[in-house]
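One-based numbering, in listed order, for ligands and for the atoms of each.
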Amino acid sequence: VGRERYSREQQEYYRKYLSGPDWRARKQARMVAAGHRCEWYTAGVRCGRRTRLCVHHNTYERLGAENDADLDVYCWPHHMLEHCMWVKCQRCQDPCLEDATRAEHWLRIVLGVLGIDQDALPAWTNLPNKEVLMTQVPAVCSSCENYLLERGMNWANS
Ligand SMILES: [Zn+2]
Ligand SMILES: [Zn+2]
Ligand SMILES: [Zn+2]
């Protein structure tokens, strides 16, 4: 889901729904449909991880009555990537992480710094939330970074 704004009433409804039994049941059914495996693809290869799974809304259009296609089952790292890949370059407005392959590489580095091993993920309570990771996305995309570097500048002083 993009950066659309929601009214206070919508946000309140969303918060209530997501903490209630209807969403719990909907989420469970969607996990079953996914075979309890991550549905993320990078360069045509499905992740398929079976642990730390989340159900992500790719649209809020039918919130409370979602179709299977409105929801994606992602493992925690890929759920974080889905959100981080929406962060836009402050110079050209293209997504900073550009594509899933680059984004995977970026996430591995960031999680390494945080001491999180993607192949042995810690408990939910020890995983940072998406807002924390989104602040780690670079301010500019790699082409803008190269453009600035060639001119001896960086985003902060350009
Ligand atoms: Zn999500
Ligand atoms: Zn995954
Ligand atoms: Zn850019």
task = Using a 4.5 Å cut-off on heavy atoms from C-beta on, say whether the side chain of C141 contacts that of P95.
result = no

query = Do R49 and P77 have side-chain heavy atoms sitting under 4.5 Å apart?
reply = yes

Throw together a table of side-chain donor-acceptor distances under 3.5 angstrom for residues 17-27, partners on residues two or more places apart or in other chains.
from: Y17; atom 1: OH; to: E66; atom 2: OE1; distance (Å): 2.8
from: Y17; atom 1: OH; to: E66; atom 2: OE2; distance (Å): 3.2
from: S19; atom 1: OG; to: R15; atom 2: O; distance (Å): 3.1
from: S19; atom 1: OG; to: K16; atom 2: O; distance (Å): 3.1
from: R26; atom 1: NE; to: E66; atom 2: O; distance (Å): 3.1
from: R26; atom 1: NH2; to: E66; atom 2: O; distance (Å): 3.1
from: R26; atom 1: NH2; to: D68; atom 2: OD1; distance (Å): 2.8

query = How is the N/O/S atom of H56 that comes nearest to the Zn ion (ligand 1) named?
reply = ND1

ask   = Would C54 count as a contact for the Zn ion (ligand 1), in the sense that one of its N, O or S atoms lies under 2.8 Å from it?
value = no

request  = Taking the side chain as every heavy atom from C-beta outward, state whether R102 and L97 have any pair of such atoms under 4.5 Å apart.
outcome  = no

message = Any non-hydrogen side-chain atom of R50 less than 4.5 Å from a side-chain atom of H36?
response = no

note = So the protein N/O/S atoms within less than 2.8 Å of the Zn ion (ligand 3) come down to C89 SG, C92 SG, C141 SG, C144 SG

ask   = What's within reach of the Zn ion (ligand 2), meaning protein N/O/S atoms under 2.8 Å?
value = C38 SG, C47 SG, C75 SG, H78 ND1

ask   = Roughly how far, to the nearest 0.5 Å, is SG of C144 from CD of Q90?
value = 10.5 Å

message = Just so I know, are the side chains of V73 and R30 near enough to count as touching, which here means a heavy-atom distance under 4.5 Å?
response = yes

Check: residues 106-130 side-chain donor-acceptor pairs under 3.5 Å, at least two apart:
from: D117; atom 1: OD1; to: D119; atom 2: N; distance (Å): 2.9
from: N129; atom 1: OD1; to: E131; atom 2: N; distance (Å): 3.4
from: N129; atom 1: OD1; to: V132; atom 2: N; distance (Å): 3.2

query = Between M31 and V55, is any pair of side-chain heavy atoms under 4.5 Å apart?
reply = yes

ask   = Is it the case that R8 places NZ or CZ above or below the six-membered ring of Y13, under 6.0 angstrom from the centre and within 45 degrees of the axis?
value = no

